[in-house]
Amino acid sequence: MATNGAVNESVFLRACRGEDVAHTPVWFMRQAGRSLPEYRKLREGIPMLEACRTPELICEITLQPVRRHNVDAAIFFSDIVVPLAAVGVDVDIVPGTGPVVAEPIRDMAAVERLRDLTEEDVPYITQAVRLLRDELGATPLIGFAGAPFTLASYLVEGGPSRTHAQTKALMYGAPEVWHALCERLAAITSRFLRVQIDAGANAVQLFDSWAGALSLADYETFVAPHSTRVLSSVEGLGVPRIHFGVGTAHLLTAMGEAGADVVGVDWRTPLDKAAGLVGGRAVQGNLDPCTVMAPDAVLEREVRRILAEGKAAPGHIFNLGHGVLPETDPDALTRTVELVHEHSAR
Ligand SMILES: Cc1c2[nH]c(c1CCC(=O)O)Cc1[nH]c(c(CCC(=O)O)c1C)Cc1[nH]c(c(CCC(=O)O)c1C)Cc1[nH]c(c(C)c1CCC(=O)O)C2
């Protein structure tokens, strides 16, 4: 088992801290998932949330993309709704759809039924992180959680939504209920991240995947205070914090100010422009997930463009601008890693 020193000196953690690196680190959101035949085989007949509660499965699924692609970081196999299920929310993950909540939260009575999370609620998280730390050697492990807004949008809508209309109706029509809900979600999320860090996670990512649905004014009023509370709760632990959202070109400055060490950028904003918006923080991204499936010359051109743009920030972690698409050829992801390492070698 590698010492903490080897992990702390990994190119991934050095880039998160804005330190010089031998090459640009690369990993992929959703690297542990349906793009891998070995994932689909292992998951056969096992419901998603059951897999997320089984340490040996969490460990093996997390390791699969690390072995196959030679990425520079592992992301913990879990899901953003795992802590909600752990405190008794009736939520399931429907393949091809995502989280579905049986009783959407629309009033204060429902908010008050949402209890806090304790470490005892998620023993499988602690067990899985410890197993992974033993298995991963010098490869850092990224823990994660969903941000209050993205979690709230699933709880209020009852499932995925294009418009987040119910969420915004609650936000505008009953702000006291909205803020009470997000305060509880921030506490649950803070605890969920802390459990992963205490067990050995080397960095954490806060996924606010749906924050792009909001105006900057609404983000600052209804979301930023709660995301800041989460990111502040894990500050000063020597664990870099990555803050990510989709469609967030207009929110990047606010997302950096919420307390991130690294801001994840989707594929729509060039990283050199993003670097100027995030107050001297490192950036992560931002290949269009579809470009992985483009002809090799196009893929290579885009990798080189993103690496050049990433130089404008003190640190750059190469990633996609959102998760790996399930239909992605795994060999194309391995090729993407090769190109990043080849074209960024110092
Ligand atoms: C919005 C969101 C969710 N979950 C997550 C987010 C934020 C990241 C993002 O924006 O994609 C976070 C997540 N979910 C999962 C991971 C770990 C895997 C990894 O990123 O490598 C992570 C980081 C496992 C998973 N979570 C889910 C899968 C697919 C489950 C399967 O069918 O195997 C995986 C690998 C299910 C899930 N869970 C969720 C959705 C939208 C889906 C996909 C529904 C579908 O297309 O089937 C909620």
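Read the numbers this way: they start at 1 and go in the same order the structure lists the ligands and their atoms.
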Under a 3.5 Å distance rule, please check whether Arg133 uses its side chain to pair with a backbone N or O of Gly200 as donor and acceptor.
no
Regarding atom 22 (C) of ligand 1: of the candidates Phe28, Trp27, Phe76, Phe144, which has the closest heavy atom?
Phe144
Cluster question for you: counting only ILVMFWY and a side-chain heavy-atom cut-off of under 4.5 Å, with indirect links fine, are Ile197 and Phe192 together?
no
Counting each atom of ligand 1 from 1 as listed, which ones have a heavy atom of Ser209 under 4.0 Å away?
7 (C), 8 (C), 9 (C), 10 (O)
Nearest heavy atom to atom 32 (O) of ligand 1, choosing from Met48, His322, Arg34, belongs to Arg34
Subset of ligand 1 atoms that lie under 4.0 Å from at least one heavy atom of Tyr154
1 (C), 41 (C), 48 (C)
Could you check atom 36 (C) of ligand 1 against the protein and tell me its nearest heavy-atom contact, residue, atom and distance included?
Ile93 CG2, 3.4 Å
Ligand 1 N/O within reach of Gly96 N/O, cut-off under 3.5 Å:
yes
Heavy-atom contacts with Gly98 under 4.0 Å: which atoms of ligand 1 show up? List them by number with element.
40 (C), 42 (C), 44 (C)
So which protein heavy atom does atom 33 (O) of ligand 1 come closest to, and at what separation?
Tyr39 OH, 2.6 Å
When you compare the side chains of Glu300 and His343, does any donor N or O come within less than 3.5 Å of an acceptor on the partner?
yes
In the protein, which heavy atom is nearest to atom 18 (C) of ligand 1, and how far is it?
Ala32 O, 3.3 Å
Which atoms of ligand 1 have any heavy atom of Ser78 under 4.0 Å away?
14 (N), 15 (C), 16 (C), 17 (C), 24 (C)
Give the atom numbers and elements of ligand 1 that come within less than 4.0 Å of a heavy atom of Trp210.
1 (C)
Nearest protein heavy atom with distance in Å, relative to atom 38 (N) of ligand 1:
Asp79 OD1, 2.8 Å
If we number the atoms of ligand 1 from 1 as shown, the ones under 4.0 Å from a heavy atom of Pro95 are 47 (O)
Close side-chain approach of Arg68 and Asp331, heavy atoms under 4.5 Å:
yes
Check each of Gln64, Gln31, Met29, Arg30 against atom 42 (C) of ligand 1 and report the one with the nearest heavy atom.
Arg30
Indicate yes or no for a side-chain donor-acceptor contact from Asp92 to the backbone of Val100 under 3.5 Å, with no hydrogens or angles considered.
no
Hey, can you tell me if His179 and His226 have their rings parallel, tilted or perpendicular (30° and 60° cut-offs)?
tilted
Shortest non-hydrogen separation from Leu13 to Ala203 and the atoms involved:
CD2-CB, 4.2 Å
Provide the number and element of each atom of ligand 1 under 4.0 Å from a heavy atom of Phe207.
7 (C), 8 (C), 23 (C)
Do any nitrogen or oxygen atoms of Thr150 lie less than 3.5 angstrom from nitrogen or oxygen atoms of ligand 1?
no
Using the ring centroid of each side chain, check whether Phe149 and Phe222 are separated by less than 6.0 Å.
no
Verify, without hydrogens or angle tests, whether Lys273 (side chain) and Ala249 (backbone) share a donor-acceptor contact under 3.5 angstrom.
no
Joint hydrophobic cluster, Val298 plus Leu287, side-chain heavy atoms closer than 4.5 Å:
no
